[in-house]
Student: 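I'd like to ask you about the structure that follows.
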Amino acid sequence: VNPNAGRVRILMVDSSGYVGSSRTLSGANGQAFGASVALSKRDAQHPTQLAVGAPEATLLNASGTPQAGVGYVYVFTNSDQWSNNWYQQARLDPPVIRAGLNFGGWVAIQGDTLIASMDGMDTAGPHTGALAVFQHDDSGWIFSQMLESSAPAAGDYFGYPAALSDDWIAAAANEDDDQGNNAGAVHLFQKQGTQYAHRQKIYAPIPEAGALFGERLLIKGSWLFVSSFRQQANQGAVHVYHLSGGLWTFHQTLNSPFATAGSAFGIGLSCAEDVLAVSAPGYLFGSAEINGLSSPWKGITLFHLEGDSWN
């Protein structure tokens with residue numbers, strides 16, 4: 001009925017772990033609503049908040065001309081943690097309007113900060129990429145600043161994906177060519193007051209052309225997890241960095257004992273307390289299963305933090 005409109009399904013889990021209800025949020029025709037989603041954790045100062053990207057939305061530029069593929073980001077909130085009554089808090093426009101911006105292709109939200117990718121930014125050529133930062137105050141969500149690579153280059157896709165913590169933003173440039181064609185890199189920005197400053201650019205411990213280091217990112221406390229699920233013939237790996245003395249340093253590489261070529265180990269990352277879950281779906285986006293009937297291993301590998309090592 002509404003081609004490429006998109007939907008987000010919210011499942012409500014009660015205190016016993018039972019999925020008791022669901023709620024569907026729908027987008028408008030052609031917006032690709034739900035292309036990215038991020039859920040913030042409730043705390044004493046903030047309700048649960050849901051950010052939803054709609055990167056294919058059409059917007060009007062200053063002269064009133066429709067621009068396709070610019071994008072919106074929607075913010076929903078739920079003030080009662082045991083209900084599934086969500087309402088729209090805000091609809092965020094990008095700081096610039098140009099066709100193909102793809103604003104909201106990746107989103108992250110935590111507390112009073114929301115970040116959204118704009119991989120269609122062409123500062124140094126097509127798909128240089130940038131990241132929009134929004135801050136929430138008494139007047140609502142306000143655009144704060146635009147983050148860009150310390151050395152912008154066409155085709156780097158800076159900011160897609162990105163990860164957010166209390167004081168840091170990690171922004172991938174997974175087609176960065178510094179260490180080889182599409183080897184990838186990750187930029188780290190540290191919060192200073194209400195702004196973020198570029199602090200560091202990191203690479204894989206053993207860079208590999210085509211690995212796309214940074215295709216998935218996760219910050220958990222003083223730990224940064226960076227996926228390279230295309231390295232070693234798409235077998236994949238997750239590289240772990242630790243924050244010490246204001247710098248992120250390489251700590252260890254995680255591999256699954258089960259992963260094989262084509263497993264795409266690292267395509268999904270999730271961490272709770274001292275347990276890290278890493279998925280390996282056995283396929284890449286937009287393609288059939290690799291190796292046909294003899295498909296690669298698929299599954300989820302769990303790692304536990306023991307001392308200072310993830311095992």
Side-chain angles (χ1 to χ4, degrees), residues 35-36 38 53 55-56 69-71 73 94-108 114-133 143-164 168-190 195-219 224-232 234 236-239 241 247-248 250 264 266-267 269 284-286:
S36 60
E56 295 185 20
V70 180
V73 172
V96 297
I97 296 179
R98 61 175 304 275
L101 184 66
N102 203 37
F103 172 68
W106 193 276
V107 293
L114 181 150
I115 56 177
S117 66
M118 300 182 292
D119 62 72
M121 278 292 290
D122 57 358
T123 308
H127 297 293
T128 302
L131 196 63
V133 182
F143 172 70
S144 176
Q145 70 181 116
M146 187 186 302
L147 303 181
E148 296 184 283
S149 168
S150 55
D156 275 0
Y157 287 86
F158 173 89
Y160 187 97
L164 177 64
W168 292 88
I169 291 174
N174 52 52
E175 295 193 26
D176 183 283
D177 299 329
D178 287 358
Q179 304 294 313
N181 185 47
N182 293 342
V186 173
H187 296 259
L188 282 309
F189 297 82
Q190 187 177 21
Q195 299 288 290
Y196 288 84
H198 190 276
R199 283 287 174 260
Q200 200 174 352
K201 183 178 183 181
I202 61 173
Y203 305 99
I206 304 177
E208 177 184 321
L212 275 65
F213 172 81
E215 276 206 295
R216 292 294 181 271
L217 299 172
L218 176 65
I219 305 176
L224 169 66
F225 304 95
V226 183
S227 170
S228 294
F229 60 78
R230 295 179 190 265
Q231 76 175 54
Q232 297 178 326
N234 298 325
V238 175
H239 306 289
Y241 295 77
L247 290 176
W248 295 88
F250 172 70
I267 207 169
L269 300 172
L284 297 177
F285 298 120

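Bear in mind that the values here come from a model prediction, so they are computed numbers and not experimental data.
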Student: Could you please spell out the steps behind the side chain to side chain contact (heavy atoms under 4.5 Å, CB included) verdict for L224 and L188?
Tutor: CA-CA 10 Å; L224 169 66; L188 282 309; 4.1 Å; yes
Student: What is the distance from atom CD1 of I169 to atom NE2 of H198, rounded to the nearest 0.5 Å?
Tutor: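 It comes to 11.5 Å.
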Student: Within the 4.5 Å heavy-atom criterion, are L131 and Y196 side-chain neighbours or not?
Tutor: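 Of all side-chain heavy-atom pairs linking Y196 with L131, none is under 4.5 Å.
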Student: If only atom types and distance count, is the side chain of W106 paired as donor or acceptor with the main-chain N or O of S117 below 3.5 Å?
Tutor: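 No; zero donor-acceptor contacts below 3.5 Å.
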Student: Kindly compute the distance separating NE2 (H127) from OH (Y160), expressed to the nearest 0.5 Å.
Tutor: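 Between H127 NE2 and Y160 OH, I get 12.0 Å after rounding to 0.5 Å.
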Student: Quick one: are D176 and Y203 in side-chain contact, heavy atoms under 4.5 Å?
Tutor: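 They are in contact (side-chain heavy atoms under 4.5 Å apart), so the answer is yes.
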Student: Judged by atom type as modelled, is there a donor-acceptor pair below 3.5 Å linking the side chain of D177 to the main-chain atoms of N182?
Tutor: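 Checked: pair present.
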Student: For D156 and F158, indicate whether the former's side chain and the latter's backbone hold a donor-acceptor pair under 3.5 Å.
Tutor: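 No: the side chain of D156 does not pair with the backbone of F158.
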Student: Just do the side chain to side chain contact (heavy atoms under 4.5 Å, CB included) check on T128 and E148 with the steps written out, would you?
Tutor: CA-CA 9 Å; T128 302; E148 296 184 283; 5.6 Å; no
Student: If every non-hydrogen atom of G214 is compared with every non-hydrogen atom of V186, which pair is closest and at what distance?
Tutor: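 Closest approach of G214 to V186, heavy atoms only: CA-CG2, 4.0 Å.
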Student: When rounded to the nearest 0.5 angstrom, what is the spacing between CD in E215 and CG in L269?
Tutor: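 Nearest 0.5 Å value for the CD-CG distance: 11.5 Å.
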Student: So which of F250, W248, F225, W168 actually passes ring pair (Phe, Tyr, Trp, His ring centres under 6.0 Å) with Y241?
Tutor: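 The residue from F250, W248, F225, W168 that satisfies ring pair (Phe, Tyr, Trp, His ring centres under 6.0 Å) with Y241 turns out to be F250.
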Student: Which heavy atom of Q195 sits nearest a heavy atom of S144, and at what distance?
Tutor: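 That would be NE2-OG, 3.0 Å.
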Student: Looking at H187 and K201, would you say the former's side chain and the latter's main chain have a donor-acceptor pair under 3.5 Å?
Tutor: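 Not confirmed, H187 side chain does not pair with K201 backbone.
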Student: Would you name the heavy atoms of F189 and A171 that are closest together and state the gap between them?
Tutor: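 Heavy atoms only, the tightest pair is CE1-CB, 4.2 Å.
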Student: Closest approach of G104 and S36, non-hydrogen atoms and distance?
Tutor: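 So the two residues come closest at O-OG, 2.6 Å.
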Student: Do R230 and N174 come within less than 4.5 Å of each other through their side chains, counting heavy atoms only?
Tutor: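 R230 vs N174: side chains apart.
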Student: For the backbone of Q232 and the side chain of E208, can you confirm whether one donor and one acceptor N or O come within less than 3.5 Å of each other?
Tutor: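 Side chain of E208 to backbone of Q232: a pair is present.
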Student: Please round to the nearest 0.5 Å and tell me the distance separating atom OG of S150 and atom CD of Q200.
Tutor: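 Between atom OG of S150 and atom CD of Q200 there are 11.0 Å.
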Student: Could you walk me through whether M118 and M146 pass the side chain to side chain contact (heavy atoms under 4.5 Å, CB included) test, one step at a time?
Tutor: CA-CA 10 Å; M118 300 182 292; M146 187 186 302; 4.0 Å; yes
Student: So, for P94 and V70, which heavy atoms are closest and what is the spacing to 0.1 Å?
Tutor: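 Between these two residues, the closest heavy atoms are CG-CG1, 3.6 Å.
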Student: Is S227 reaching over with its side chain to a backbone N or O of R216, donor-acceptor style, under 3.5 angstrom?
Tutor: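 No, S227 side chain to R216 backbone: no donor-acceptor pair under 3.5 Å.
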Student: Any sub-3.5 Å donor-acceptor pair from Q231's side-chain atoms to A237's backbone N or O?
Tutor: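 Judged by distance alone, no pair lies under 3.5 Å.
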Student: For a quick test of reading the model, state the closest non-hydrogen atom pair linking R98 to D122 and the distance between them.
Tutor: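 That closest heavy-atom pairing would be NH2-OD2, 3.2 Å.
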